Amino acid sequence: MGLMSPEQYKASLNDGRLLYYKGEKIEDVAKHHELGVCVDSMAVDYHMAHDSKYKDLAVVYDEALGEDISRFFHVPKDREELLKMLELIIEGTRQGDGYIPLAHDIGADALNAISITAHTMGDQNYIDRIENYRNYLKKEDLAVVAAVTCVKGDRVLRPSDPEQEHPDTYVRIVDKNEKGIVVRGAKAHISGAAYCNEFFVIPSRAMTEKDADYAVAFAIQANAKGIKQIARPVKTKISSLEFPMERPVRVITDSLIIFDDVFVPWDRVFLCGEWQHAATMVYNFALMHRRTGSAYRIPLTEQLVGVAQAIAEYNGVAKVPHVREKITDLVIYLETLKALARSACQEPITYGGIAVPNPMTTNIAKYHFAENYHNAVKIIQDLAGGLLVTAPTYKDYSHPDLKEDIKKYLVGKAGIPTEQRLRMFDLIRRLTSSEFETIVLHGEGSMQAERMTIYAEARKVIKDCKKIAEELAEIEKVSLE
Ligand SMILES: Cc1cc2nc3c(=O)[nH]c(=O)nc-3n(C[C@H](O)[C@H](O)[C@H](O)COP(=O)(O)OP(=O)(O)OC[C@H]3O[C@@H](n4cnc5c(N)ncnc54)[C@H](O)[C@@H]3O)c2cc1C
């Protein structure tokens, strides 16, 4: 089939999937008045592949297939290819006004993590299955996402712990036969699942021998029998209290996916009870996914710097020393994120023939963004002033009895129209909402998950540094950990 057009992608979603939204069953997600806005946001990916301006970034010529494929399904072999993928995610997110288009990005992270795991296991059967599936994705150019996060029940208990409320808090194998496996369980917060073609399902944590039934990975169509999704509500229109916008609204939604005894044929099963290898899959997914996460936060951070500078100028305070310092802090925040994200790609590690972003740097990049986001918001809210929350609305501004008063009294720096200032307040409120705060904290794993990986990756660095200190202090032969 080759690269899908945005129209083909939208038509492909009308496949009988079982999807609920705000308590209603949805017939054709692309035509739904709210979810259709999410579909349009995902379609940005397909537009880019057909736009000559982005072709070099978005598309790769596949020698074996003799056709163009999405860069996301191409195996990244070196730093140049990792950097191109990074730039593609950054550019795609810019095109999505700060929302990652998602059609291939996170699915590709899972695809590569599965492939690395198959190679680490040295299991030719699994290697062949995932490479056949990769070829299928290349040819069909499907929208594919990653369902990793299980609903988990009691977080401290293992999946198989009898003290869990029930045995289905993690997705598990409930049956096997000569044709395939049957799975049950649920995955939460799965971005783009409501309007992708297929999902990768992989474990959300390392497993022990007792958890063998939970060590399962597979690919499945969104319309497979037994799959039910509930998509979270999204805001697809700006409020009538805000200034009207001509730009299309960009937004994504996330689903709770329920697997109610879903059959998966063997050729789509990539892990089935090999509990020792669940950790490899999760670890490699997290590495690539945190690279993806750091990349799409770059356009968002550019927006944060932009609104801070704009509102400081509109308020007339842009040249005041403490304001310049705050803007400088935001620039350091942005440039550090960019440098870390690029550095992670420039110093990759190769696992199973796939170049993987540097584990330490990629975790620090994502952690740096999440850890400092609230400080960035604090700076912006400080520079904006109280009108950010008390300003009259667009409806007041449009009222003939009020407009001239609002224009006169809510003016900032001379020469800047009041409407411009009020529009910037609208944007700042949208950008610094609690919804965004949760996404930056939890997307790609909690901050504690990143800290744990950073510490694990840092063991050698810490040991080497300790050795330097002991040499300086002329302490010989110290053997403690
Ligand atoms: C907007 C959004 C989009 C997302 N998209 C996807 C997606 O596309 N695919 C996907 O698979 N996932 C997705 N996620 C899930 C995301 O990776 C998780 O939210 C994240 O891993 C945290 O898991 P949780 O939400 O279950 O929180 P919890 O795991 O419940 O974490 C809450 C707190 O408990 C702590 N905690 C949890 N377990 C333990 C433990 N055993 N010991 C000590 N402390 C613990 C955490 O550190 C954290 O502080 C998305 C999340 C969001 C918010």
Side-chain angles (χ1 to χ4, degrees), residues 4 9 12-20 26 29 42 72-73 102-115 117-118 125-126 128-151 168 170-204 213-231 253-274 278 281-282 285 289:
M4 261 207 271
Y9 154 65
S12 73
L13 302 175
N14 190 10
D15 58 3
R17 67 188 60 204
L18 192 50
L19 169 67
Y20 290 83
I26 305 303
V29 61
M42 181 106 105
F72 287 107
F73 299 141
L102 279 178
H104 306 100
D105 331 48
I106 303 179
D109 293 337
L111 171 69
N112 289 329
I114 292 171
S115 178
T117 310
N125 201 10
Y126 279 139
D128 291 346
R129 277 186 205 169
I130 191 63
E131 292 319 320
N132 287 341
Y133 188 75
R134 183 189 290 277
N135 276 333
Y136 162 71
L137 290 178
K138 284 179 180 177
K139 285 188 211 153
E140 301 297 319
D141 195 22
L142 299 175
V144 58
V145 302
V148 183
T149 312
C150 284
V151 289
D168 302 327
Y170 288 74
V171 171
R172 67 181 175 123
I173 305 157
V174 288
D175 200 8
K176 282 183 208 171
N177 60 38
E178 71 286 357
K179 292 194 173 141
I181 61 173
V182 177
V183 295
R184 188 184 303 157
K187 297 273 186 184
H189 337 276
I190 309 308
S191 305
Y195 39 92
C196 69
N197 301 110
E198 306 216 355
F199 343 112
F200 278 112
V201 175
I202 68 171
S204 54
D213 286 342
Y214 299 87
V216 61
F218 55 92
I220 193 80
Q221 298 90 341
N223 66 348
K225 190 162 172 270
I227 292 184
K228 190 193 288 171
Q229 290 195 52
I230 308 165
T253 186
D254 320 287
S255 294
L256 174 68
I257 310 179
I258 295 153
F259 298 86
D260 188 7
D261 290 3
V262 176
F263 171 73
V264 187
W266 283 117
D267 61 347
R268 286 169 162 269
V269 177
F270 310 119
L271 192 71
C272 182
E274 298 86 349
M281 207 176 273
V282 184
F285 172 76
H289 190 39

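In this text the structure is predicted, and so the values were computed from the model without any measurement.
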K.L.:
Output the distance between atom CD1 (I181) and atom CG (L271), rounded to the nearest 0.5 Å.
P.N.:
9.0 Å
K.L.:
I need the minimum non-hydrogen distance between C272 and V269, along with the two atoms involved.
P.N.:
CB-CG1, 3.9 Å
K.L.:
Between F199 and C196, what is the shortest heavy-atom contact and its length?
P.N.:
CD2-SG, 3.6 Å
K.L.:
As an exercise, state the distance from CD1 of I26 to CG of N14, rounded to the nearest 0.5 Å.
P.N.:
12.5 Å
K.L.:
Do NZ/NE/NH1/NH2 and the carboxylate oxygens of R129 and D267 come within less than 4.0 Å?
P.N.:
no
K.L.:
What are the two closest heavy atoms between L256 and A186, and how far apart are they?
P.N.:
CD1-CB, 4.5 Å
K.L.:
State the CH2-CG distance between W266 and N177, to the nearest 0.5 angstrom.
P.N.:
8.0 Å
K.L.:
Donor-acceptor pair, R172 side chain versus G185 backbone, under 3.5 Å?
P.N.:
no
K.L.:
I'd like to know if the side chain of K187 and the backbone of V148 have a donor-acceptor N/O pair within less than 3.5 Å.
P.N.:
yes
K.L.:
Between R17 and N197, is any side-chain donor less than 3.5 angstrom from a side-chain acceptor?
P.N.:
no
K.L.:
Quick check on side chain to side chain contact (heavy atoms under 4.5 Å, CB included): which of F200, Y133, F259 does F218 satisfy it with?
P.N.:
F259
K.L.:
Is a side-chain N or O of Q229 found less than 3.5 angstrom from the main chain of A193, in a donor-acceptor match?
P.N.:
yes
K.L.:
Using atom types as modelled and distance alone, determine if a side-chain donor or acceptor of Y195 lies under 3.5 Å from a backbone N or O of T253.
P.N.:
yes
K.L.:
Before giving the answer on side-chain contact (heavy atoms from CB on, under 4.5 Å), spell out for I227 and I257 the whole-Å C-alpha distance, their side-chain angles and the decisive distance to 0.1 Å.
P.N.:
CA-CA 7 Å; I227 292 184; I257 310 179; 3.8 Å; yes
K.L.:
Would you check if Q221 and R268 make a side-chain contact, meaning some heavy-atom pair closer than 4.5 Å?
P.N.:
yes
K.L.:
Could you tell me whether the side chain of E140 reaches within less than 4.5 Å of the side chain of E198, counting heavy atoms only?
P.N.:
no
K.L.:
Taking the side chain as C-beta and beyond, is there a heavy-atom pair between H104 and D141 under 4.5 Å?
P.N.:
yes
K.L.:
Which atoms form the tightest heavy-atom contact between I106 and A146, and what is the distance?
P.N.:
CG2-CB, 3.6 Å
K.L.:
Does any part of the side chain of S191, heavy atoms only, come nearer than 4.5 Å to the side chain of D254, both counted from C-beta?
P.N.:
yes
K.L.:
Could you tell me which non-hydrogen atom of M42 sits nearest to which non-hydrogen atom of A143, and how far apart they are?
P.N.:
CE-CB, 4.3 Å
K.L.:
First locate atom CG of D109, then atom NE2 of H289, and finally report the distance between them rounded to the nearest 0.5 Å.
P.N.:
6.5 Å
K.L.:
Taking all non-hydrogen atoms of both residues, which atom of A224 and which atom of V262 are closest, and how far apart?
P.N.:
CB-CG1, 4.4 Å
K.L.:
Determine whether a donor-acceptor pair (N or O, by modelled atom type, separation under 3.5 Å) exists between the side chain of S115 and the backbone of L111.
P.N.:
no
K.L.:
Taking the side chain as everything from C-beta on, heavy atoms only, tell me whether I114 gets closer than 4.5 Å to I202.
P.N.:
yes
K.L.:
Is there a side-chain contact between F285 and N112 (heavy atoms, below 4.5 Å)?
P.N.:
no
K.L.:
I'd like to know if the side chain of D128 and the backbone of N125 have a donor-acceptor N/O pair within less than 3.5 Å.
P.N.:
no
K.L.:
When you compare the side chain of L137 with that of R134, does any pair of heavy atoms fall below 4.5 Å?
P.N.:
no
